Amino acid sequence: IYLELEQYTYFLVKYIPGTLGFILRFLFIKLFSKKLTGMIWIQPGVEFIHVKNITFGKGVGINTGSYINGVGSITFSDHVLVGNNVTISSGKHPTELNELKIIEIPTIRLPIKIGKGVWIAAGAVIMPGIEIGADSVIGANSVVTKHISPNGIYVGAPAKLIKERK
């Protein structure tokens, strides 16, 4: 019932434009998230699910069209910027053969931790169980399948280090 209440409530504020929309989405996150330590900026059209498992640092910005699934928990440290149409999901489905139908197999929950000052550019995908080190950049349309060290620029599918930030 909690998840339904979360979803119905968010539906009411998800697409409201302008300052009123930012304030209402902030209040939604404050009410439903695991922890919120400061002001955050959520654009219209961001999709959240399992917000009760998500921790937000201060100065987090999430752009339009992003999908954030906190089933296995997500931690956004301070000053994280998420571009438009980014997918961050902390749950995955097992791939082993099983007598159950795929839809009946419970989701595997794996926490995601995003370090301070990280920028995740448009269209990137962050897979379950990933840690992204502080001050890293994830390039547009990259797929992060392994832990990311601090201060690096990572691009591609799968994402690979192309440069150290100085």
Side-chain angles (χ1 to χ4, degrees), residues 2-3 6-7 9-10 14 25-26 28-43 45-96 102-103 105-165:
Y2 182 87
L3 185 58
E6 174 188 297
Q7 291 301 290
T9 305
Y10 189 62
K14 181 177 177 180
R25 286 185 290 280
F26 170 78
F28 167 82
I29 295 296
K30 185 173 176 131
L31 180 64
F32 285 94
S33 70
K34 182 175 182 180
K35 185 177 180 185
L36 174 64
T37 60
M39 192 64 182
I40 61 172
W41 173 71
I42 307 296
Q43 283 281 22
V46 174
E47 184 67 41
F48 285 104
I49 187 165
H50 299 286
V51 177
K52 70 177 183 175
N53 299 328
I54 303 175
T55 299
F56 294 90
K58 64 184 174 196
V60 171
I62 303 176
N63 278 292
T64 302
S66 290
Y67 173 77
I68 314 294
N69 183 338
V71 67
S73 87
I74 300 171
T75 301
F76 291 94
S77 298
D78 295 345
H79 310 293
V80 170
L81 179 59
V82 177
N84 60 306
N85 299 313
V86 168
T87 298
I88 302 173
S89 182
S90 58
K92 70 176 188 173
H93 297 284
T95 56
E96 296 77 24
I102 192 70
I103 195 73
I105 302 171
T107 300
I108 298 169
R109 299 167 185 231
L110 298 168
I112 294 173
K113 295 180 182 170
I114 301 171
K116 182 178 177 183
V118 167
W119 172 26
I120 303 172
V125 176
I126 311 302
M127 300 299 287
I130 297 299
E131 292 185 23
I132 300 176
D135 299 311
S136 288
V137 175
I138 307 301
N141 297 312
S142 295
V143 180
V144 179
T145 59
K146 296 183 179 168
H147 296 318
I148 299 294
S149 297
N151 304 312
I153 299 174
Y154 293 79
V155 300
K160 296 185 189 292
L161 177 67
I162 62 162
K163 185 178 180 182
E164 291 285 334
R165 292 182 75 197

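Small disclaimer: the values here were computed from a predicted structure and weren't measured.
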Margin query: Considering only residues two or more places apart or on different chains, which pairs with a residue in residues 49-69 satisfy side chain to side chain donor-acceptor pair (under 3.5 Å)?
Written below: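 Checked against side chain to side chain donor-acceptor pair (under 3.5 Å) - neighbours excluded - the pairs reaching residues 49-69 are Y67-N69.
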[atom1]/[X] to [atom2]/[Y] distance, rounded to the nearest 0.5 angstrom?
{"X": "F48", "Y": "I74", "atom1": "CZ", "atom2": "CD1", "result": "9.0 Å"}
{"X": "R25", "Y": "Y10", "atom1": "CZ", "atom2": "OH", "result": "6.0 Å"}
{"X": "F56", "Y": "I42", "atom1": "CZ", "atom2": "CD1", "result": "5.5 Å"}
{"X": "F76", "Y": "I62", "atom1": "CZ", "atom2": "CD1", "result": "4.0 Å"}
{"X": "F28", "Y": "E6", "atom1": "CZ", "atom2": "CD", "result": "5.0 Å"}
{"X": "I153", "Y": "I148", "atom1": "CD1", "atom2": "CD1", "result": "12.0 Å"}

Next item on the list: For the pair F26 and M39, evaluate side chain to side chain contact (heavy atoms under 4.5 Å, CB included) and give the outcome as yes or no after the intermediate values.
Entry: CA-CA 7 Å; F26 170 78; M39 192 64 182; 3.6 Å; yes
Note to self: side chain to side chain contact (heavy atoms under 4.5 Å, CB included) for D78 and T37? Distances and angles first, verdict last.
What the structure shows: CA-CA 9 Å; D78 295 345; T37 60; 4.0 Å; yes
Next item on the list: Check for a donor-acceptor pair, side chain of S142 on one end and backbone N or O of G156 on the other, with a separation under 3.5 Å.
Entry: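 At least one qualifying donor-acceptor pair exists.
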Which heavy atom in [X] sits nearest to a heavy atom in [Y], and how many Å separate them?
{"X": "R109", "Y": "V71", "answer": "NH1-O, 3.4 Å"}
{"X": "P106", "Y": "P94", "answer": "O-CD, 3.7 Å"}
{"X": "H93", "Y": "T107", "answer": "CE1-OG1, 3.9 Å"}
{"X": "I49", "Y": "Q7", "answer": "CA-NE2, 3.7 Å"}
{"X": "S33", "Y": "I29", "answer": "OG-O, 2.7 Å"}

Notebook entry, point to check: Got a sec: does the NZ of K14 have more than 12 other heavy atoms crowding it under 6.0 Å?
Noted result: yes
Would you give me the side-chain donor-acceptor pairs under 3.5 Å for residues 115-141, sequence neighbours excluded?
from : atom 1 : to   : atom 2 : distance (Å)
S136 : OG     : G133 : O      : 3.2
S136 : OG     : S149 : O      : 2.7
S136 : OG     : N151 : N      : 3.3
S136 : OG     : G152 : N      : 3.4

Check: Can I114 and I112 be said to form a side chain to side chain contact (heavy atoms under 4.5 Å, CB included), step by step?
Finding: CA-CA 7 Å; I114 301 171; I112 294 173; 4.0 Å; yes
Notebook entry, point to check: Side chains of N84 and V86: closer than 4.5 Å at any heavy-atom pair?
Noted result: no
Notebook entry, point to check: Of all residues at least two apart in sequence or in a different chain, which pass the ring pair (Phe, Tyr, Trp, His ring centres under 6.0 Å) check with Y154?
Noted result: none
